[in-house]
Undergrad: 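I have a structure I would like to understand better, so I am pasting it below and will then ask my questions one at a time.
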Amino acid sequence: MTNSTHLSKIDDRLIRLIGIPGFGVIIPNFTGLFGELGPSDWMYWSGYVYFIFIAWVIWQGNRWLLFRQRENMNWFSNPVRKLTILVGANVFYTAPVTVSLIYGWYAISGIGPVEWSIIQLVTLANVICVIFVTHAYETVFLIKERQSDLVHFEQLERAKVESELEALKSQIDPHFMFNSLNTLSYLIENDQQKALLFNESLSDVYRYILMNKQKELVTLKEELEFANNYFTLMQIRFGTGVRLHVDMRGLEENKLLSPISLQLLLEKAVKHNEFNELKPLDIRLNLEEGWVEVSNNLQLKKVENSSKIGLRNLRERYRLVVGKEIEVVQSDLEFTVKLPYLEV
């Protein structure tokens with residue numbers, strides 16, 4: 001965001017409405033510009049109008065100088081040069097204007113000979129006040145720039161998160177389809193009847209993926225139903241060699257997960273373990289406080305070539321969407337992944 005944009009958002013009308021008359025009234029009384037004039041003299045009241053005019057000329061002129069130099073310079077590129085020009089512009093504008101207009105006051109008021117000590121005092125007071133007001137303006141500008149930078153940074157971070165999330169989501173399709181087609185190819189060669197059933201069930205499962213992969217969050221209930229449907233595919237191929245145990249006591253609609261999380265973990269358990277009907281693979285889904293735990297007994301394959309896309313995908317998605325890391329715990333007997341859920 002440019003400096004000119006910041007300037008356009010500075011609404012200082014109220015402070016000028018108060019400050020200009022305020023300086024026009026206080027400084028003459030503080031420095032003795034009225035001399036022997038009192039409230040009974042018409043020139044006394046005319047003087048207030050004149051001094052408020054002087055305050056307006058000085059305020060508006062310095063304001064214009066400040067706004068112009070902010071369009072071309074900032075504190076971060078060359079702070080010493082900016083400070084020098086800022087103070088110099090204020091002093092060399094304020095001092096001559098003050099001296100000339102106060103000298104004019106002596107000429108039109110008839111209060112006596114010109115008191116140069118008073119003119120010096122008024123000039124010094126005006127310069128100090130201008131520096132103070134300029135500092136207040138700069139503080140407001142810096143605060144607004146800081147706020148704008150924070151908003152811009154948050155927008156960039158959000159765009160980055162969305163970009164990363166889209167990249168992660170794009171992995172779901174090929175990853176899932178690659179494994180499913182491998183399974184289907186195996187069944188076609190070994191059991192065509194199961195292959196037909198698998199193909200019909202696969203279409204139902206893939207429909208869920210198409211409907212939900214673009215979502216950032218789905219309810220745990222929906223995700224659990226999808227996991228059960230996916231497990232049906234696993235049973236078609238492996239029979240009782242794979243078993244699923246679900247304990248979701250306390251399940252409510254307000255718990256949210258990143259979509260297709262449970263399916264990836266079911267798939268991972270099958271991919272990395274050896275099992276059969278005599279040594280089944282037991283997969284457990286448990287609902288704990290703040291977490292959904294997916295665990296399985298370890299019967300690791302001896303030779304394994306894994307890209308680890310699934311677990312890395314999950315880790316990144318939960319970091320981006322949920323704002324928490326998944327936890328992975330592995331012992332000699334069991335492998336557990338804990339998925340943090342959100343409550344709404």
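The shown structure was predicted, so the numbers you read here are calculated from the model rather than taken from an experiment. Computation of the quantities below employed the complete heavy-atom set of this structure, encompassing side-chain atoms and omitting hydrogens, waters and symmetry-equivalent molecules.
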Undergrad: Please answer whether the main-chain N or O of V97 pairs with a side-chain N or O of S100 as donor and acceptor at a distance below 3.5 Å.
TA: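 Such a contact is found between S100 side chain and V97 backbone.
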
Undergrad: Output yes when R284 and E334 qualify as a salt bridge under the 4.0 Å nitrogen-oxygen rule, no when they do not.
TA: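 Yes, R284 and E334 are salt-bridged.
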
Undergrad: Do F141 and F67 have ring centroids that are under 6.0 Å from one another?
TA: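 Close enough - the centres of the two rings lie under 6.0 Å apart.
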
Undergrad: Considering only NZ, NE, NH1 and NH2 on the basic side and carboxylate oxygens on the acidic side, decide whether R237 and D191 come within less than 4.0 Å.
TA: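 Answer for the salt bridge query: no.
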
Undergrad: Nearest 0.5 Å, please: how far is CZ in F231 from CG in L224?
TA: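 That separation rounds to 12.5 Å.
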
Undergrad: Check whether more than 12 heavy atoms from other residues, nucleotides or ligands sit under 6.0 Å from atom NZ of K324, and answer yes or no.
TA: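 Not more than 12 within 6.0 Å, no.
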
Undergrad: With the side chain counted from C-beta on, respond yes when N296 and D282 share a heavy-atom pair under 4.5 Å apart, and no when they do not.
TA: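 In short, these two side chains do not touch, never coming nearer than 4.5 Å.
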
Undergrad: Within the distance-only criterion (no hydrogens, no angle test), does the side chain of N212 pair as donor or acceptor with the backbone N or O of K215 below 3.5 angstrom?
TA: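 No; zero donor-acceptor contacts below 3.5 Å.
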
Undergrad: Indicate the ring-plane relationship of Y208 and F226, choosing parallel, tilted or perpendicular according to the 30° and 60° boundaries.
TA: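 The arrangement is parallel - the two ring planes meet at less than 30°.
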
Undergrad: Can you see whether E288 engages N286 through a side-chain donor-acceptor pair at a distance of less than 3.5 angstrom?
TA: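 No donor-acceptor contact under 3.5 Å links the two side chains.
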
Undergrad: Answer yes if I128 and F92 sit in the same cluster of Ile, Leu, Val, Met, Phe, Trp and Tyr residues linked by side chain heavy atoms under 4.5 Å apart, and no otherwise.
TA: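 No, separate clusters.
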
Undergrad: Would you confirm whether W105, through its side chain, and L33, through its main-chain N or O, come within 3.5 Å as a donor-acceptor pair?
TA: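 At least one qualifying donor-acceptor pair exists.
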
Undergrad: Would you please say whether a donor-acceptor pair under 3.5 Å links the side chains of N62 and T94?
TA: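 A donor-acceptor contact under 3.5 Å links the two side chains.
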
Undergrad: Please check: side-chain N/O of S261 versus main-chain N/O of L257, any donor-acceptor pairing under 3.5 Å?
TA: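 No.
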
Undergrad: Give the minimum heavy-atom separation between K194 and L187, together with the two atoms involved.
TA: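 Answer, listing the atom of K194 first, then L187: O-CD1, 4.1 Å.
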
Undergrad: Does H245 have more than 12 heavy atoms from other residues, nucleotides or ligands lying within 6.0 Å of its NE2?
TA: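 Yes, the 6.0 Å shell around NE2 holds more than 12 heavy atoms from other groups.
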
Undergrad: Mark yes or no for whether Y341, through its side chain, and G290, through its backbone, hold a donor-acceptor pair below 3.5 Å.
TA: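 Indeed, once roles are kept as given, a pair shorter than 3.5 Å links the two residues.
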
Undergrad: Does the gap between the ring centers of Y48 and F34 come in under 6.0 Å?
TA: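 Yes, ring centres under 6.0 Å apart.
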
Undergrad: Heavy-atom distance under 4.5 Å between the side chains of L244 and L285, does that happen here?
TA: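 They are in contact (side-chain heavy atoms under 4.5 Å apart), so the answer is yes.
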
Undergrad: Give a yes or no answer on whether the side chain of R317 reaches the backbone of P259 with a donor-acceptor pair at less than 3.5 Å.
TA: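 Checking the backbone N and O of P259 against the side chain of R317, a donor-acceptor pair under 3.5 Å is found.
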
Undergrad: Within the structure provided, determine whether M234 and I283 are in side-chain contact (heavy-atom separation under 4.5 Å).
TA: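 Contact flag for M234/I283 side chains = yes.
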
Undergrad: Could you pull out the closest heavy-atom pair between T31 and I118, with the gap in Å?
TA: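 That closest heavy-atom pairing would be O-CG2, 3.6 Å.
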
Undergrad: Answer yes or no: is there a donor N or O on one side and an acceptor on the other, between the side chain of N254 and the main chain of E343, under 3.5 Å?
TA: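 No, because the side chain of N254 does not come within donor-acceptor range (under 3.5 Å) of the backbone of E343.
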
Undergrad: Work out which heavy atom in P340 is nearest to a heavy atom in W291; give both atom names and the distance.
TA: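 In terms of heavy atoms, the two residues are closest at N-CE3, 3.5 Å.
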
Undergrad: Identify the heavy atoms of C129 and I27 that sit nearest to each other, and give their distance.
TA: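 Reported closest heavy-atom pair: SG-CD1, 4.1 Å.
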
Undergrad: Counting C-beta onward and ignoring hydrogens, is there a side-chain heavy-atom pair between I108 and Y50 closer than 4.5 Å?
TA: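 Yes. Closest side-chain heavy atoms under 4.5 Å.
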
Undergrad: Using modelled atom types and a 3.5 Å cut-off, is there a donor and acceptor pairing between side-chain atoms of D41 and backbone atoms of L37?
TA: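 No; zero donor-acceptor contacts below 3.5 Å.
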
Undergrad: Test your reading of the model: is there a side-chain donor-acceptor pair from E223 to the backbone of L262, 3.5 Å cut-off?
TA: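 Yes; judged by distance alone, with no hydrogens or angles, the pair exists.
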
Undergrad: Does any donor atom in the side chain of T98 or N126 lie under 3.5 Å from an acceptor atom in the other side chain?
TA: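 Yes, N126 and T98 have a side-chain donor paired with an acceptor closer than 3.5 Å.
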
Undergrad: Would you say the side chain of W116 lies within less than 4.5 Å of the side chain of V99, judging by non-hydrogen atoms?
TA: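 Yes, close enough: below the 4.5 Å cut-off.
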
Undergrad: Without swapping roles, check the side chain of E222 against the backbone of T219 for a donor-acceptor pair under 3.5 Å.
TA: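 A pair under 3.5 Å: yes.
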
Undergrad: So do the side chains of L184 and N199 get within less than 4.5 Å of each other, counting heavy atoms only?
TA: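 A side-chain contact exists here, since the closest heavy-atom pair is under 4.5 Å.
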
Undergrad: Answer yes or no: are there more than 12 heavy-atom neighbours, outside E225 itself, under 6.0 Å from its atom CD?
TA: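 Open: at most 12 neighbouring heavy atoms sit under 6.0 Å from CD of E225.
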
Undergrad: Quick check: are there more than 12 heavy atoms from other residues, nucleotides or ligands sitting under 6.0 Å from NZ of K221?
TA: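 For K221, atom NZ is not crowded (no more than 12 foreign heavy atoms under 6.0 Å).
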
Undergrad: If you take all heavy atoms of V246 and M248, which pair is closest and at what distance?
TA: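 In this case the closest contact between V246 and M248 is CG1-CG, 3.6 Å.
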
Undergrad: Would you say the side chain of V130 lies within less than 4.5 Å of the side chain of W59, judging by non-hydrogen atoms?
TA: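 W59 does not reach V130 side chain to side chain.
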
Undergrad: How many angstroms lie between OG1 in T123 and CD1 in I102, if you round to the nearest 0.5 Å?
TA: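 Between atom OG1 of T123 and atom CD1 of I102 there are 7.5 Å.
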
Undergrad: Find out whether F335 and N273 are in side-chain contact, i.e. whether some heavy atom of one side chain is under 4.5 Å from a heavy atom of the other.
TA: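 With C-beta onward as the side chain, the pair stays apart.
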
Undergrad: Check I20 against I52 and note the closest heavy-atom contact, atom names and distance.
TA: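 Closest approach of I20 to I52: CG2-O, 3.8 Å.
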
